[in-house]
Amino acid sequence: MTVDKIKQPKKALSHIFYSKILFAFSLIVLILAIFSSRISFPRLSLIASHLTGSANTITATSRSAITNTSTQKMASSQYAKELEVAQLAVQRAARLTKRVFHEKAKGTVSKDDKSPVTIGDFGAQALIISALKANFPSDEIVAEEEAAQLREDTPLRDQIWELVKSTKLDDEAAEQLLGGAIKDADAMLEIIDQGNSKGGAKGRIWTIDPIDGTKGFLRGGQYAVCLGLMVDGDVKVGVLGCPNLPVDDAAPLTADIGTNATDEGRGVIFSAVQGQGATSRPLGTAGLAKGKSIAMKPITEMSNASFCESVEAGHSDQGVAGQIAQKLGITKPSVRMDSQAKYGSIARGAGDIYLRLPTSKSYQEKIWDHAAGDLIVREAGGQVTDVSGNRLDFSVGRTLAENKGVIAAPAAVHDQVIKVVQEVLGQQ
Ligand code: AMP
Ligand code: MG
């Protein structure tokens with residue numbers, strides 16, 4: 001007893017001494033490995049744990065390395081299925097909209113708010129919702145269109161059904177993944193009406209704008225097939241199919257980008273997952289083409305910057321945008337194009353800034369008009385806010401009731417842009 005009592009502190013001291021050496025040694029190995037990047041983090045943590053003798057003695061650094069690795073792994077696989085389904089669903093829906101785009105008669109009808117809707121809008125919405133319900137049956141959906149009008153108009157319904165049943169991807173596995181064909185015209189109407197969620201701050205909710213920029217679509221200009229996934233009010237996945245944008249990410253935005261689109265060299269899908277960056281890939285007709293990472297272009301000189309805005313003067317105040325641009329020192333005329341193609345274009349650095357200035361006090365932006373674009377721009381290194389500099393809040397229902405207007409710019413200059421927006425709007 002006595003001997004033990006005397007010897008124990010010594011033993012403990014030498015133990016502490018050796019563990020300190022091992023601790024320091026493992027730290028050095030860890031630092032060296034990080035710099036050489038030859039040893040993967042999990043292997044490194046194993047080495048560290050061997051060196052220090054037990055899992056309990058893993059250093060704080062290697063512990064956080066393990067956490068980081070598993071978080072990264074989880075992050076890159078998180079929403080992988082949602083992303084794949086969303087992109088294929090958009091690609092298939094875009095195939096349908098392109099068929100209508102090339103038709104003279106687009107089956108256009110007027111909605112209650114007097115805005116136009118075509119057989120392309122209804123058909124694309126049916127195809128996207130059917131793919132989402134096949135894969136994620138309990139998810140809610142906020143989509144722009146509803147089938148009420150089609151229930152009263154059988155010829156219109158039949159026209160849409162003809163389109164929907166004959167639009168497929170040329171890839172059996174992709175079609176299988178999207179759940180295959182819709183049963184019949186009545187099932188199609190029910191599917192269209194499944195986009196009636198009220199939205200909100202809880203759970204998984206998809207947002208769909210089957211043809212954003214319908215006016216551009218009718219004019220032969222830009223439009224986008226838009227799909228976003230929100231989880232608890234936060235956008236996690238965003239996909240934009242832009243059939244009339246150049247495939248080439250480096251193609252500069254020309255003033256005529258919003259008019260007379262042809263198929264030649266055009267068609268792109270933008271996508272993003274929160275925390276995983278943004279990507280573009282050519283819009284295809286079968287499986288997904290290879291994607292590449294996109295990033296916003298840093299603005300070095302405002303005089304060289306370009307800004308995008310709506311073609312429709314009723315959607316964004318072009319006069320105010322002109323004053324803001326002038327005050328910022330932008331010398332180029334605005335690039336006008338319809339739809340969320342604007343978000344995609346600045347995300348890949350073809351343009352720089354997107355200005356959307358309210359034209360009325362009462363209008364509330366719709367979540368399907370912004371969810372995908374907002375995430376894609378932020379994941380490409382941008383910042384997206386309303387005119388007051390607040391992030392867009394997708395958690396308050398089908399509209400962005402808490403926001404007015406949209407200002408999107410590279411993160412480094414966004415504050416500067418908001419300052420000028422505030423100055424100009426303050427003078428109104
Ligand atoms: P854009 O092509 O960017 O002009 O946006 C098209 C979207 O503008 C449509 O999908 C409409 O939902 C939306 N919109 C309709 N009226 C207005 C308005 N008064 N202000 C802003 N956006 C509007
Ligand atoms: Mg829209």
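For this chain, numbers begin at 1 and follow the sequence in order. Just follow the structure's listing: the first ligand is 1, and inside any ligand the first atom is 1.
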So, does Arg356 sit close enough to ligand 1 that a heavy atom of it is under 4.0 Å from the ligand? yes

Between the Mg ion (ligand 2) and Asp369, which N, O or S atom of the residue is the nearest one? OD1

Nitrogen or oxygen of His315 less than 3.5 angstrom from that of ligand 1: yes

If you round to 10 degrees, what value do you get for the angle at the Mg ion (ligand 2) between Asp209 atom OD2 and Asp212 atom OD1? 100°

Classify the ring geometry of Phe217 against Phe101: parallel below 30°, tilted from 30° to 60°, perpendicular beyond 60°. tilted

Side chain, backbone, both or neither: which applies to Gln340 and ligand 1 if a contact is any heavy-atom pair less than 4.0 Å apart? neither

Indicate, with yes or no, if the rings of Tyr343 and Tyr354 have centres closer together than 6.0 Å. yes

Ligand-side contact atoms (ligand 1) for residue partner Asp212, heavy atom cut-off under 4.0 Å: 6 (C), 7 (C), 10 (O)

Mind checking whether Tyr363 has an N or O less than 3.5 Å away from an N or O of ligand 1? yes

Pairing of Glu312 and Arg219 as salt bridge, 4.0 angstrom limit: yes

With atoms numbered from 1 as shown, which atoms in ligand 1 lie under 4.0 angstrom from a non-hydrogen atom of Asp338? 2 (O)

Should the pair Asp374-Arg378 be classified as a salt bridge under the 4.0 Å nitrogen-to-oxygen rule? yes

Salt bridge present between Asp171 and Arg92 (N-O < 4.0 angstrom): no

With heavy atoms under 4.0 Å as the rule, classify the contact between Glu365 and ligand 1 as side chain, backbone, both or neither. side chain

SB check Asp170 Arg95 (cutoff 4.0 Å): yes

Does even one non-hydrogen atom of Lys342 get within less than 4.0 Å of ligand 1? yes

Closest candidate by heavy atom, reference atom 18 (C) of ligand 1, pool Gly314, Ser310, Ala224: Gly314

Could you verify whether a donor N or O on one side chain and an acceptor N or O on the other, from Tyr223 and Thr214, lie under 3.5 Å apart? no

Could Glu103 and Arg99 be called an ion pair, given the rule that one side-chain N must be under 4.0 Å from one carboxylate O? no

Short N-O contact, Lys327 and Glu423, less than 4.0 angstrom: yes

Do any nitrogen or oxygen atoms of Asp369 lie less than 3.5 angstrom from nitrogen or oxygen atoms of ligand 1? yes

So the atoms of ligand 1 within less than 4.0 Å of a heavy atom of Ser339 turn out to be 1 (P), 2 (O), 3 (O)

